Peer 1: 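Quick one: structure below, then a few questions.
Predicted model only: the values in this text are computed from it and were never measured. Reminder, nothing fancy here: chain letters follow the sequence lines and each chain counts from 1.
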There are 2 protein chains.
Amino acid sequence: MVRDHVDHIETTLQDAILDGRYADGERLDETRLAEQFGVSRTPVREALRRLAATGLARQHANRGTFVRQPGPLDLYEMFQVMARLEAFCAELACARVAPSAIAALRALNDACAAAATQGDVDRYYGANEAFHQRIYAESGNDFLAETCQTLQRRLRPYRRTQLRTPGRLAQSLAEHAQVIDAIEARQPRKASALLRDHVSVQGERFHRLMSHWRAREGQGASG
Amino acid sequence: MVRDHVDHIETTLQDAILDGRYADGERLDETRLAEQFGVSRTPVREALRRLAATGLARQHANRGTFVRQPGPLDLYEMFQVMARLEAFCAELACARVAPSAIAALRALNDACAAAATQGDVDRYYGANEAFHQRIYAESGNDFLAETCQTLQRRLRPYRRTQLRTPGRLAQSLAEHAQVIDAIEARQPRKASALLRDHVSVQGERFHRLMSHWRAREGQGASG
DNA sequence: GCAAGCGATATTGTATACAATAATCTGGGC
DNA sequence: GCCCAGATTATTGTATACAATATCGCTTGC
């Protein structure tokens, strides 16, 4: 892969947008960004093109680039898709999972539990993502795994919100354990249903939360 | 959206790559492309960045941009995912489909049949894509619909291959009709299973075809 | 005769200068 | 006092010049 200014700028901006440090509709000024990064406009422009290509920004001819943050409805839709994709991963994993992979999954869930006990939110999320990513990998379908990872990354900042719900964390760990058991027992139907609901519930809780917050739906409709 | 040189170049190259006019690993020379399009290297570079961002090309630092065509294994994986995504569309459609949409789907399948009878391959594929896209839209999930459309576009050139199989075309039309019936009857399980198999079978046929052709697997592994 | 190091060359990466387009502000007319 | 039109200004879009890096061929030493 490329490892130059463009790549650095793209990654930095991507993280900033995905971590919510840019509001929806915020303008990405080429000149200003160029100054910030200490480079000319050229690499900045190329980075912005890439962001636009991946859907994180939108470009209007002769008018500039603007951050595109998903609205509540978009997020709900994305969680729905994520749930199905992960469920498919679990289903496929049943057909080819090795004992070592099961052990690895249990270890990752234990790491989640340990981080949760210590109240280390960041480490919890790291371990949680690793757990899910391991399931993607165990699907054996590289394209599916990559798709899942991209979507997971996009949903990352919004997952954190729903951690506040008391009791949800322990339940999440239990659900993980159930998923592992189902995969180990090679029950594709059960494993996929469990994981689907596990992810779905996050999206639904989040959606409910946002809807209660504000009823400003449709402001960032996809398309 | 942007409507400038960059956009034009990107679209043109994208179509060329997706239509198979570029071989895997072929180099996309900036200077040469700039001459071809009658512009400077700048817009070409930005277009190439976007292609790289969408996965159609790969960039190596200080070495250039190279076309990334999926290998047989990649395509098999993509068809698998496509099948599940479309199945999910059908499932969701059951919950909200209107009589007018059912009529529209039937009309589109009739258009497929008409084109098939006349032996108009291009028109058949156009109508076929429209049929599938209508189902995406009827899912009511814009993100899902957009994802499906992107993937459909990427798989387009490879779908054509399997049309040659005698009898497959008529069977395909019949399967479409079954899917419509299931959606109309609001049977989500049935509708999704039917559509999943309809798409899966294409991927599997294609995979078998390619495997028989050459056993050069893994040459273009994703990652 | 072969390998390793060095230099020439070609290509990418970046900076800057200029052109074109759109938004804004100001002035005049109604 | 409000609205429309033209000029101004700011910002994007493109071209070109230059710098840096990788590849390839050559020479030189073993």
Side-chain angles (χ1 to χ4, degrees), chain A residues 1-17 21-69 219-221 223, chain B residues 1-17 21-69 219-221 223:
Chain A
M1 280 299 285
V2 206
R3 263 285 141 218
D4 49 11
H5 285 173
V6 180
D7 203 49
H8 170 68
I9 295 165
E10 197 226 345
T11 307
T12 306
L13 287 176
Q14 188 176 11
D15 288 342
I17 294 170
R21 292 200 293 275
Y22 281 97
D24 182 60
E26 198 164 337
R27 182 149 155 276
L28 295 168
D29 189 276
E30 293 178 4
T31 312
R32 201 173 125 271
L33 289 169
E35 282 174 16
Q36 275 181 9
F37 285 103
V39 296
S40 80
R41 275 175 51 219
T42 313
V44 173
R45 284 180 60 80
E46 294 184 12
L48 292 181
R49 289 279 180 194
R50 285 182 70 156
L51 290 178
T54 47
L56 270 62
R58 270 197 152 32
Q59 297 188 310
H60 299 264
N62 294 313
R63 285 189 43 199
T65 306
F66 303 87
V67 172
R68 163 102 169 69
Q69 289 286 7
Q219 43 85 278
Chain B
M1 279 298 287
V2 209
R3 262 287 142 219
D4 50 9
H5 285 172
V6 179
D7 204 48
H8 169 68
I9 295 166
E10 197 225 346
T11 308
T12 307
L13 286 177
Q14 187 175 12
D15 287 343
I17 294 171
R21 293 200 292 277
Y22 280 95
D24 182 60
E26 197 162 339
R27 181 149 155 277
L28 294 168
D29 189 275
E30 295 178 4
T31 312
R32 201 174 123 270
L33 289 169
E35 283 174 15
Q36 276 181 7
F37 285 102
V39 296
S40 81
R41 273 176 52 218
T42 312
V44 173
R45 283 181 60 80
E46 294 186 11
L48 292 181
R49 289 279 180 195
R50 285 182 72 157
L51 291 177
T54 47
L56 270 64
R58 268 194 154 36
Q59 297 188 310
H60 298 264
N62 293 312
R63 285 187 44 197
T65 306
F66 303 87
V67 173
R68 161 100 170 71
Q69 289 286 7
Q219 42 85 273

Peer 1: Can you sort out the partners of B/R41 under salt bridge (charged side-chain N to carboxylate O under 4.0 Å, His left out), two or more places apart, ordered by chain and number?
Peer 2: B/E30

Peer 1: So does B/A52 get a backbone contact from the side chain of B/Q59, meaning a donor-acceptor N/O pair under 3.5 Å?
Peer 2: no

Peer 1: Between B/E46 and B/P43 (side chain of the first, backbone of the second, donor and acceptor by atom type, cut-off under 3.5 Å), is there such a pair?
Peer 2: no

Peer 1: Measure CG/A/L28 against P/D/dG13 and give the value in whole Å, please.
Peer 2: 13 Å

Peer 1: Taking only side-chain nitrogens and oxygens of B/R27, does any of them come within less than 4.0 Å of OP1 or OP2 of C/dT12?
Peer 2: yes

Peer 1: Could you run through nucleotides 14-21 of chain C and give me one letter per nucleotide, 5' to 3': B if any protein heavy atom sits under 4.0 Å from the base, S if only the sugar-phosphate is that close, - if neither?
Peer 2: BBB----S

Peer 1: Grab the CZ-C1' distance between A/R58 and D/dT12 for me, whole Å please.
Peer 2: 19 Å

Peer 1: Nearest whole Å is fine: how far is D/dA22 P from B/D29 CG?
Peer 2: 18 Å

Peer 1: Nearest whole angstrom, please: distance from the C1' of D/dC24 to the CZ of B/R63.
Peer 2: 13 Å

Peer 1: If I take atom CG in residue A/L33 and atom P in nucleotide D/dT11, what distance separates them, rounded to the nearest angstrom?
Peer 2: 12 Å

Peer 1: What distance do A/L33 atom CG and A/T65 atom OG1 have between them, rounded to the nearest 0.5 Å?
Peer 2: 9.0 Å

Peer 1: When the distance from NE2 of B/H8 to C1' of D/dG13 is rounded to whole Å, what number comes out?
Peer 2: 16 Å

Peer 1: Between B/E30 (CD) and C/dT11 (P), how many Å, whole number?
Peer 2: 11 Å

Peer 1: Check whether any side-chain N or O of B/E35 sits under 3.5 Å from a backbone N or O of B/R32 as a donor-acceptor pair, and report yes or no.
Peer 2: no

Peer 1: Please report the distance, rounded to the nearest Å, between CG in B/L48 and C1' in C/dT12.
Peer 2: 11 Å

Peer 1: Side chain of A/Q69, backbone of A/Y22: donor and acceptor closer than 3.5 Å?
Peer 2: yes

